Colleague: 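Can you keep this structure in mind? I'll have questions shortly.
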Amino acid sequence: MLCKQRLSYRPNIPLILDQWDQICIESLSTQAIASDLQSVFPHTHSLPRCRAVVGRGQKSVAYKVGVLFSGGPAAGGHNVLAALFDALQKCNASSQLIAFLDGASGLIEDRTQQLTSQMIDASRNQGGFDLIGSSRTKLDKPEQFSAALQTVKKHALDAVVIIGGDDSNTNGAMLAEYFASQNQKTQVIGIPKTIDGDLRSEEIEISFGFDSACKTYAESIGNIAKDALSSKKYYHFIKLMGRSASHIALECALKTRPNLTLIGEEEKSLFSIVSELADLIEKRHQIGKNYGVVLIPEGLVEFMPEIKFLLEELSSGAKIESLSEKARITFQEIPEKIQQQLLLEKDPHGNPQVSQIAIEQLLIHLVKKELQKRKFSGKFNAQDHFFGYEGRCCLPTNFDADYCYSLGLAAALAVREGLTGVICAISNLKAAAQHWEVKFVPAVQLMRLEKRNGKLKPVIEKTLVDLRGNSFVYLCAHRARWALEDHYHFPGPIQFFGPPELTEQRPFILERSP
Ligand code: FBP
């Protein structure tokens with residue numbers, strides 16, 4: 001019933017995008033990029049940043065645009081498709097929106113589906129990427145680029161819109177460069193998607209999906225905190241998705257105020273974290289509390305120096321028998337099941353599969369051992385949880401529904417104005433949607449060379465938690481109190497209808513502090 005109701009929600013959009021025939025693009029600055037990147041992007045390294053302003057733009061004609069989702073789902077993706085579809089139709093009723101099925105593999109294997117108004121209408125404001133599917137296919141082999149070129153030529157596409165995170169927009173930048181090098185006019189336009197919140201820049205204030213995912217997790221964390229407070233018998237160790245960056249854990253911490261939130265970027269060692277947890281449990285026991293809530297970002301493993309060192313040795317091909325003494329000591333402390341998870345292959349983009357590593361269980365195991373060593377006389381019963389997949393395909397919040405629709409319109413504008421190699425950015429997101437601004441950032445300006453699978457590759461740099469930023473500073477200022485005095489917040493479910501203070505709440509990551 002709710003899904004059906006949501007079909008008729010009309011997203012709020014920036015005023016500027018409402019004046020379709022009176023918008024044009026104004027170039028802002030061109031930022032010089034590092035010389036090692038210039039040689040990788042000889043045709044696209046000097047694109048300017050730009051923004052939409054009132055003025056006379058290009059004449060709208062009929063366009064043929066390809067679109068694909070890439071990477072993990074994030075709530076709101078279908079609204080990007082809906083807005084693209086609507087805007088292209090507005091340009092000319094014979095425009096076509098062609099979906100590449102299952103992500104970039106659909107592009108290189110020429111698996112397509114023309115999107116119709118019935119398909120679009122049935123997916124407005126709905127979660128998931130199921131209308132056209134997604135994948136983590138990495139574009140880096142010459143034969144993949146030439147296959148993509150054949151596909152866009154065959155379908156005579158004016159543009160390809162890639163809806164994805166840092167790795168997918170890296171794909172986009174490479175594709176834009178390749179098409180330019182082949183004198184192929186097809187534009188490549190990116191949309192910032194990922195629940196992780198780590199694809200950011202001055203103009204890209206947040207990626208879509210982050211708000212819906214954090215609100216979904218925060219509801220469950222609040223419920224668990226209420227259970228902890230009611231039953232008073234468990235410590236809940238909750239791992240949260242987010243890859244390397246701890247944005248999701250930090251955002252959920254500010255929403256729910258658990259007893260302890262670990263932030264990967266603090267780079268604490270595994271054994272100091274175990275000791276901190278054991279201290280917390282002892283102190284709470286002394287005041288009669290044998291329960292609590294702990295948030296753990298999944299990317300913590302990548303920051304703990306001992307595990308980082310171990311992962312580096314393992315990924316450089318070292319066999320268990322030939323690990324250095326330092327790495328072996330860490331490895332031996334880890335239960336066998338988790339040792340196996342550390343040995344998992346990296347994803348196609350060279351990222352460790354941190355969502356598959358049960359760091360929450362490892363911490364429970366080591367804390368138990370530590371408490372035994374300390375001859376702890378209280379009770380320590382722990383429950384482990386992992387919140388990840390359930391937050392990626394929920395119904396988008398009003399914010400994500402509006403934001404995604406606006407991003408889709410911005411992509412259509414980029415098509416009309418002939419931009420390529422850019423990521424669409426909607427900024428001033430703290431304000432009401434009417435006041436949002438529309439900008440375009442060349443993807444290469446967010447890139448650097450990074451070691452992936454042992455080789456230097458051009459990639460969009462992940463934005464990590466800023467340890468001097470207001471959100472983290474706020475957490476630091478309050479964590480000692482939250483540790484012992486139970487200040488849990490219980491946010492409850494996402495609200496779609498009702499007063500704006502319930503339905504329009506922005507993520508703290510935008511507000512900067514609660
Ligand atoms: P994207 O970067 O593609 O948006 O994916 C985000 C994410 O949900 C991470 O938080 C998580 O580590 C990963 O996907 C899980 O990947 P998979 O879906 O392949 O298990």
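Note that the numbering runs from 1 along the sequence shown for the chain. Since the model is a prediction, treat every value here as computed from it, not as a measurement. Just so you know, ligand 1 is whichever comes first in the structure, and atom 1 is the first atom listed for that ligand.
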Colleague: Kindly indicate, with the supporting measurements, whether the criterion ring pair (Phe, Tyr, Trp, His ring centres under 6.0 Å) is fulfilled by F145 and Y178.
Modeller: CA-CA 7 Å; F145 287 103; Y178 180 72; 5.4 Å; yes

Colleague: Using a threshold of 4.0 angstrom between heavy atoms of the protein and any atom of ligand 1, which residues qualify?
Modeller: G71, G72, R136, K193, T194, I195, D196, M241, G242, R243, E298, S355, Q356, Y389, R392

Colleague: Counting only heavy atoms not in E336, do more than 12 sit closer than 6.0 Å to its CD atom?
Modeller: no

Colleague: So which of R51, Q445, R49 actually passes side chain to side chain donor-acceptor pair (under 3.5 Å) with E203?
Modeller: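 Filter result, single survivor: R49.
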
Colleague: Can D211 and R506 be counted as an ion pair, charged N to O under 4.0 angstrom?
Modeller: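 Not counted as a salt bridge, because no side-chain N and carboxylate O are separated by less than 4.0 Å.
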
Colleague: Rounded at 0.5 Å granularity, tell me how far CG in L295 sits from CG in L250.
Modeller: 10.0 Å

Colleague: Using the ring of F508 (Phe, Tyr or Trp, six-membered ring only), decide whether K255 places NZ or CZ under 6.0 Å from its centre and within 45 degrees of its axis.
Modeller: yes

